[in-house]
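So the structure is just underneath, and the comments pick up after that.
Labels below follow one simple rule: chain letters A, B, ... track the order of the sequence lines, proteins then strands, and each chain is numbered from 1. Worth knowing before you read on, the calculation uses all heavy atoms, side chains too, and leaves out hydrogens, waters and symmetry mates.
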Amino acid sequence: MGQMARKKSVEDSEDMSIDLKPFINFLVVLIPVLMLSSEFAKISIINLKLPEGRGSNTEEAQKVRPLDDESDKLLLTMIITDSVVTIGAKNGFLPSLFYKEFHHYVAAEDRRVEVTVEYDPKNPGKSVKNPKTGKPFKLSERQEIFLYVADENYQVQKCLYTKDALMLTDADGRPMTSVKTGDTIWLVTNPRRQVVITDPSQYELKPLMAYDEMKNRLMKIKERYREARDADDIIIAAENQVAYDKIVQLMDVARTADFPNISIAKLRG
Amino acid sequence: MAVSRGRNKFSTPKSAGLIITSLIDFFSIVVVYLMKSYSSEGSILTNADNLVLPNSFSTMKPKEIHVQIAATTDMVLVDNNPVVPTEDVRKIPQENPNPVVPQLEQALQKTKKQEEDMVKLGAMNEMEGTATIQIDKNVEFDVLYKIMHTCAMAGYLKMNFAVMEREL
């Protein structure tokens, strides 16, 4: 018995590899199955919560439901025009956020051709030329719209960002442009995260995105007015020519800042 | 001399097998990646080729789709049937306090009627009145507003926007 066992172990040591063929067969079958049932472009939905009576100007809706008492409501509104984003509430407006708009184009036939240009809202029809073919880009080739915050001299404002694109602010929520080792800063995530700087070179000075600053401001409002009856509601009001993409991005901002009930209004005049 | 000895050593291997470890590594990575994007439900919403949906962080999945309105830069569709050119929607004056798109309203009333018939027949439990709106991200707010207003006038008071999920 002992002899046999020894003999077997000697044989094993000559060919130690496990028989992987069945496992490979299994993987070869499994991969097509998974490939068939995987989704690479996922479509999801955003729920709109339109206020009843208010907001929708259908006569029927307004007759059925009289406007309720709004004295203890916040009526938070985010307003977007072609150069300004503002937060307003029943009692007034916060300082407007002026932005500069940059459009990022990627050519459909050759994805390596990328161009980022500043957009002039006063000259909306101006087309951007593809540097390779010389033809103007199509609207569907516009991949992303970046809104950078501009200061009073109409220069793009900068702010420090982490590697995963989180904005750095001080304790009062103001964007930071310089840090040194030992400083305490706050990252704009929900909820805010406090970080002590150990290596300032980890942070990059980048143009301040209007969406990030908007999220920062909305979170401040949320912290302050948690008690309001409509503390979860926000209205997004837009001008006619504002692209739908910006509205969806602002809806994202509102949702990440804990305002899940979003309704949409039109800015008149 | 040393070279020839080395060649001898390699030309007579004890077992002629494939080096399979790296292949297994590769397969394992592919399997993990595919499992990440696996979905058992499939997608009930599909978008047209010329419709670029905006990216969003929303992960809410559509459960049921009753009526689907799509607006590309040149056409408005209801349940994949072309209804009215987007240019005509733009032409409706912006000052109009009641900006209804007539062709779209008719199409929506028809789908609403169908839905009501389904409820009568017992094929559906109750009238949902939810419209799923897919709009190209380059379409301007004016068109969106008119479409939403028309939806509300046609009795679809709940609306959802379809968006493309952003990869984190």
Worksheet item: Highest number of heavy-atom pairs under 4.5 Å with chain B: which of A/I46, A/V248, A/I24?
Response: A/I46

Worksheet item: Between B/F161 and A/Y244, is the ring centre distance below 6.0 Å?
Response: yes

Fill in: Beyond-backbone contact of B/E165 with A/I43, side-chain heavy atoms, under 4.5 angstrom
no

Item to complete: Let me know if B/T59 has heavy atoms under 4.5 Å from chain A in its side chain, its backbone, both or neither.
Response: backbone

Worksheet item: Is chain A contacted by the side chain of B/L51, its backbone, both, or neither, given a heavy-atom distance below 4.5 Å?
Response: neither

Worksheet item: Under the 3.5 angstrom rule, does the side chain of B/K158 hit a backbone N or O of A/L48 as a donor-acceptor pair?
Response: no

Worksheet item: Would you find a donor on one side and an acceptor on the other, under 3.5 Å apart, between the side chain of B/S58 and the backbone of A/S44?
Response: no

Worksheet entry | Engaged part of B/V30 at the chain A interface, taking heavy atoms whose separation is under 4.5 Å | side chain

Worksheet item: What option among B/L144, B/I24, B/V52 has the most heavy-atom pairs under 4.5 Å with chain A?
Response: B/I24

Worksheet item: Among A/L36, A/N240, A/L139, which residue forms the greatest number of heavy-atom pairs with chain B at distances under 4.5 Å?
Response: A/N240

Worksheet item: Under a 4.5 Å cut-off applied to non-hydrogen side-chain atoms, are A/N47 and B/M60 in contact?
Response: yes

Worksheet item: Considering only heavy atoms, which portion of B/I135 lies under 4.5 Å from any heavy atom of chain A: side chain, backbone, both, or neither?
Response: both

Worksheet item: So which bits of residues 251-258 of chain A come within less than 4.5 Å of chain B, counting non-hydrogen atoms only?
Response: A/M251, A/D252, A/R255

